[in-house]
Amino acid sequence: MQIRFTKMQGAGNDFVVLDETQGRLGLSAAQYRYLADRHFGVGADQILSVRPAPAAGVDFEYVIHNADGGEVEQCGNGARCFARYVHDKGLTDKSVIRVQTLSGVIAPEIHGSGRVTVDMGAPQLNPALVPFDTAGLQPQLLGSAQKWPLALDGVVPPATVWIAPVSMGNPHAVQLVDDVEAAPVLAWGPLIENHARFPQRVNAGFMQIVGRGEVKLRVYERGAGETLACGTGACAAVVAGIGWGLLDGKVDVHTHGGLLTIEWAGGAQDRVRMTGPAEFVFEGQIEIPDTL
Ligand SMILES: N[C@H](CCC[C@H](N)C(=O)O)C(=O)O
């Protein structure tokens, strides 16, 4: 199957964008994995599909698959690239669009500078709805929020990390570290990602507080490994840091791939706003095997 694609990136989190507004490609998980493969395919952290509005009140449907081929509920850096794509390709003349995702409607706004701000919706802080299994665990209070012990049995000696479970539509486990560059992201990330207490698996965030308006963040992403940036991970980290009383309402998040700015007023119903870059990289076409 020959398909056309657009390669994009948002703070170094990179994507293959597929235009399915004229019809679905009907790709399998194995074909999504092939597209994302950095040796045999195009290479990407996620595959983003642009589809027509499924109902009134929204402008498009936005479907996300991780590099491992699994469909997921939300992708923040991808949302900015999605908005830049539909705007620059002339699929909409709106500067603020409403986009249906698996986890609800988000509203990206394209600025003249090419940066994009996305209303990412309200965070979900009920552990059971992240979902995170708290059975038998005793949380500690920090600020006005909790942190939960997560035993990592796969390391020697066994370690316990203290995490904030936060959903931005997709699940995140955020922990504080003194130095993100020294944090065992590649060693502990997979253990957290696949921990039994996260039945849907989880994105593992490692956050260093620089100041009340500035953090450094690395994220070991569910289904993709460590990425240069994670938009929903930045949202989840700032929500956790504000709940713990360590951050103010507007935070610059420094990632290996670039700067994201996150705003949250701190109320459970308050919506999180994320601002960052969205860039085109190249266009192309690729022959995908029909059976994989
Ligand atoms: N790996 C994530 C999806 C992509 C999120 C990330 N790329 C972002 O910018 O939010 C998950 O499985 O929930």
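Ligands are counted one by one from 1 in listed order, and the atoms in each one are counted from 1 as well.
For the ligand labelled ligand 1, residue D45 lies outside the 4.0 Å heavy-atom shell. Residue contacts with ligand 1: G223 is excluded, as none of its non-hydrogen atoms falls under 4.0 Å. Within the structure, ligand 1 lacks R201 among the residues with a heavy atom less than 4.0 angstrom away. The closest approach between a heavy atom of T227 and any atom of ligand 1 is not below 4.0 Å.
The hydrophobic clustering, which links ILVMFWY residues whose side-chain heavy atoms are closer than 4.5 Å, places I64 and V50 together.
Of the residues F282, F15, Y32, the one that meets the ring pair (Phe, Tyr, Trp, His ring centres under 6.0 Å) test with F5 is F282.
With a 4.0 Å cut-off on non-hydrogen atoms, C230 touches ligand 1 through its backbone as well as its side chain.
Per-residue contacts place G76 under 4.0 angstrom from the following atoms of ligand 1 (heavy atoms of the residue considered): 8 (C), 9 (O), 10 (O). Atoms of ligand 1 lying under 4.0 Å from at least one heavy atom of Q74, given by number and element, are 3 (C), 4 (C), 5 (C). Annotation for ligand 1: atoms under 4.0 Å from non-hydrogen atoms of N66 are 1 (N), 2 (C), 3 (C), 11 (C), 12 (O).
Using cut-offs of 30° and 60° on the angle between ring planes, the pair F82 and Y62 is tilted.
Inspection of the H172 and S167 side chains reveals no N or O donor paired with an N or O acceptor under 3.5 Å.
A salt bridge does not link E279 with K7: none of the charged nitrogens is closer than 4.0 Å to a carboxylate oxygen.
Protein heavy atom in closest approach to atom 10 (O) of ligand 1: T232 OG1, 2.6 Å. Residue, atom and distance of the protein heavy atom nearest to atom 5 (C) of ligand 1 are E221 OE1, 3.5 Å. Closest to atom 9 (O) of ligand 1 among all protein heavy atoms lies G231 N, 2.8 Å.
Taking the side chain as every heavy atom from C-beta outward, R4 and I286 never approach each other to under 4.5 Å. Looking at heavy atoms from C-beta onward, L27 lies out of side-chain contact with Y34 at the 4.5 angstrom threshold.
With values rounded to the nearest 0.5 angstrom, D68 atom CG is found 11.5 Å from D45 atom CG.
Nearest approach of I110 to A83, heavy atoms of both residues: CD1-O, 3.3 Å.
Taking each of N203, N13, N77, V219 in turn, the one with a heavy atom nearest to atom 7 (N) of ligand 1 proves to be N13.
The N/O atoms of R222, backbone and side chain alike, include one that comes under 3.5 Å of an N/O atom in ligand 1.
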